[in-house]
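Have a look at the structure below, then the notes.
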Amino acid sequence: GAVVSQHPSRVICKSGTSVKIECRSLDFQATTMFWYRQFPKQSLMLMATSNEGSKATYEQGVEKDKFLINHASLTLSTLTVTSAHPEDSSFYICSAKGGIYEQYFGPGTRLTVT
Amino acid sequence: AQKVTQAQTEISVVEKEDVTLDCVYETRDTTYYLFWYKQPPSGELVFLIRRNSFDEQNEISGRYSWNFQKSTSSFNFTITASQVVDSAVYFCALSAEYGNKLVFGAGTILRVKS
């Protein structure tokens, strides 16, 4: 089946620094990728939709200048959390859509901001 | 707007008991897709089933079964003869288009005790 990877799986950073998370579709081309955030013991909330070669579409309430998304190729999307603060600590999950097919989820990245 | 409600926050059962996880959805779309995912402690989402709005047939896969009823906007999930390995958070989700962004329910924590 389709495989999506995320890197890193865990990251700890200091407040005020930026962190980049990569999402890769390993065996298929993903025209669209999605970024979700999950706070502890809560559900997944869509942050943004990333389309290859165009600007991401952010959900209401998500700061586009804080969460920079780049989808430079059909197999890679990156999420950069800029000037991270403790309240950004969360589990970030990406998913990739290939053509008309369903979404395939990555294993997630646990971000802790100290 | 789309909405998914999982009213059961947490369920505890003893091994070998049957358990049903409820899911009620809201959407104005005539074509939509319903999903169930399992999230074990590792955090990675495991796809369980997808059902489109035109297919109301119930489905059985091993110990798992799903009951889709459009009349009550419900898509319930039953685990028969539960096992400790079934312990996880289970999410019901809805999308307007196949492979499009997902709206997740709050999730139900299932604890199966031996």
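Each chain gets a letter, A, B and so on, in the order its sequence line appears, and its residues count up from 1.
- Within 6.0 Å of atom NZ in A/K66, more than 12 heavy atoms from other residues, nucleotides or ligands are found, so the atom counts as buried in its surroundings.
- Both the backbone and the side chain of B/L102 come within contact range of chain A, each with at least one heavy atom under 4.5 Å from a heavy atom of that chain.
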**Item:** ring pair (Phe, Tyr, Trp, His ring centres under 6.0 Å) assessment of A/Y36 paired with A/F91
**Value:** CA-CA 8 Å; A/Y36 295 84; A/F91 191 53; over 10 Å; no
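- A donor atom on one side chain and an acceptor atom on the other are found under 3.5 Å apart for B/Q39 and A/Q38.
- Applying the 6.0 Å contact sphere to NZ of B/K113 captures no more than 12 heavy atoms from other residues, nucleotides or ligands.
- With a 4.5 angstrom heavy-atom cutoff, A/L46 touches chain B only via side-chain atoms.
- Contact count against chain A (heavy-atom pairs under 4.5 Å) is highest for B/G105 among B/S42, B/G107, B/G105.
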